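Only a predicted model underlies this, so the values are computations on that prediction, with no experimental measurement involved. Values below: every heavy atom of this structure, side chains too, minus hydrogens, waters and symmetry copies.
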Amino acid sequence: RKEVEQDPGPFNVPEGATVAFNCTYSNSASQSFFWYRQDCRKEPKLLMSVYSSGNEDGRFTAQLNRASQYISLLIRDSKLSDSATYLCVVNTGFQKLVFGTGTRLLVSP
Amino acid sequence: GAVVSQHPSWVICKSGTSVKIECRSLDFQATTMFWYRQFPKQSLMLMATSNEGSKATYEQGVEKDKFLINHASLTLSTLTVTSAHPEDSSFYICSAWRENMNTEAFFGQGTRLTVV
């Protein structure tokens, strides 16, 4: 079983749609959680950290369920510029990040 | 602007040669840096943890004699791919956590290595 699992997609959605991504992780001792965005042939960039209380940044909402070892990302009112690969990332300790394979999002006009 | 700079951004080399990749933290000191590798359509996989002033820690399955890591200063780590083979062709990327701000890892721009 992979340490961090994501549906690879692609998710094809029209502009304005709401789309949700899910992620599960296997290491219950994991310390912190993130969603990163990666554009083709580029480095990952932090989208947002994920907390148990849930957090929102504009059109993006992230949620963590430690009991279920489950992380989610919701994107509302999708824009063309949201097209990218979204990486679920877990800090397993000592700053070691474990990456999911990513979920590819394609937003079309 | 970038806080972690990686160079070169791409390189093509012949089989059997060595390639050095640099990773610099620009406005902070990093006692620890991390090297990842990403093959097409796969996730980033941690290769090794680079420790300033001491030996790097390699992940299982990564050959330390093939991927030489030097972290000689608090702002620079280098990864040298020795005797490169076509199967080493990949996207190599470094990261560092800003000291005392343990909430985000910053990534270099990545190096696309092609071995021909």
Side-chain angles (χ1 to χ4, degrees), chain A residues 1-11 21 23-27 30-53 55 57 60 62 64 71 84-106, chain B residues 1-10 21 23 25 28 30-52 56-60 62 77 89-114:
Chain A
R1 183 187 172 188
K2 293 180 182 176
E3 284 194 75
V4 179
E5 295 211 54
Q6 292 182 254
D7 181 343
F11 284 57
F21 303 141
C23 166
T24 57
Y25 62 96
S26 61
N27 187 341
S30 298
Q31 299 181 357
S32 50
F33 310 87
F34 310 90
W35 283 102
Y36 275 77
R37 170 190 169 133
Q38 186 176 27
D39 292 288
C40 188
R41 295 177 174 262
K42 299 283 187 181
E43 78 276 21
K45 294 189 177 178
L46 181 66
L47 182 64
M48 57 199 310
S49 301
V50 190
Y51 307 109
S52 297
S53 55
N55 49 309
D57 182 2
F60 300 86
L64 164 66
I71 304 163
T85 297
Y86 290 83
L87 304 172
C88 178
V89 184
V90 174
N91 176 6
T92 57
F94 303 103
Q95 301 177 342
K96 281 192 175 181
L97 298 179
V98 179
F99 288 77
T101 52
T103 299
R104 193 168 170 218
L105 172 65
L106 299 172
Chain B
V3 295
V4 174
S5 177
Q6 190 172 336
H7 177 81
S9 56
W10 61 270
I21 303 169
C23 179
S25 54
F28 65 100
T31 55
T32 305
M33 292 185 178
F34 300 88
W35 287 97
Y36 295 84
R37 179 168 55 181
Q38 185 178 34
F39 291 107
K41 298 188 179 181
Q42 295 187 24
S43 59
L44 277 76
M45 295 296 293
L46 180 64
M47 297 176 67
T49 303
S50 173
N51 304 299
E52 187 268 335
T57 306
Y58 290 82
E59 295 301 301
Q60 193 172 16
V62 178
S77 174
S89 299
S90 187
F91 186 56
Y92 293 84
I93 190 163
C94 67
S95 80
W97 293 69
R98 193 179 300 195
E99 299 293 333
N100 299 319
M101 288 184 67
N102 202 26
T103 58
E104 180 179 354
F106 294 94
F107 288 85
Q109 300 93 327
T111 298
R112 191 157 301 279
L113 170 65
T114 302

Quiz prompt | A:Arg41 side chain near B:Phe91 side chain, heavy-atom distance below 4.5 Å | solution = no
Quiz item: Given side chains that start at C-beta, do those of A:Asn91 and B:Trp97 come closer than 4.5 Å, heavy atoms only?
Solution: yes
Practice problem: Give a yes or no on this: more than 12 heavy atoms of other residues, nucleotides or ligands lie within 6.0 Å of atom CE of B:Met45. | Solution: no
Quiz item: Rounded to the nearest 0.5 Å, how far apart are OG1 of B:Thr32 and NZ of A:Lys96?
Solution: 11.0 Å
Check residues 36-43 of chain B and write down every donor-acceptor pair under 3.5 Å in which the side-chain atom is one partner and the other belongs to a residue at least two apart or another chain.
| residue | atom | partner | partner atom | Å |
| --- | --- | --- | --- | --- |
| B:Gln38 | OE1 | A:Gln38 | NE2 | 3.0 |
| B:Gln38 | NE2 | A:Gln38 | OE1 | 3.2 |
| B:Gln38 | NE2 | B:Gln42 | O | 3.0 |

Quiz item: Is chain A contacted by the side chain of B:Thr49, its backbone, both, or neither, given a heavy-atom distance below 4.5 Å?
Solution: side chain
Self-check item: Contacting region of A:Arg104 [heavy-atom separation from chain B under 4.5 Å]
Solution: neither
Practice problem: Side-chain contact test, heavy atoms from C-beta onward, threshold under 4.5 Å: evaluate it for A:Phe94 versus B:Thr57 and give yes or no. | Solution: no
Quiz prompt | Interatomic distance, B:Ser95 atom OG to A:Gln95 atom CD [nearest 0.5 angstrom] | solution = 8.5 Å
Quiz item: With only heavy atoms counted, which part of B:Leu44 is less than 4.5 Å from chain A, the side chain, the backbone, both or neither?
Solution: both
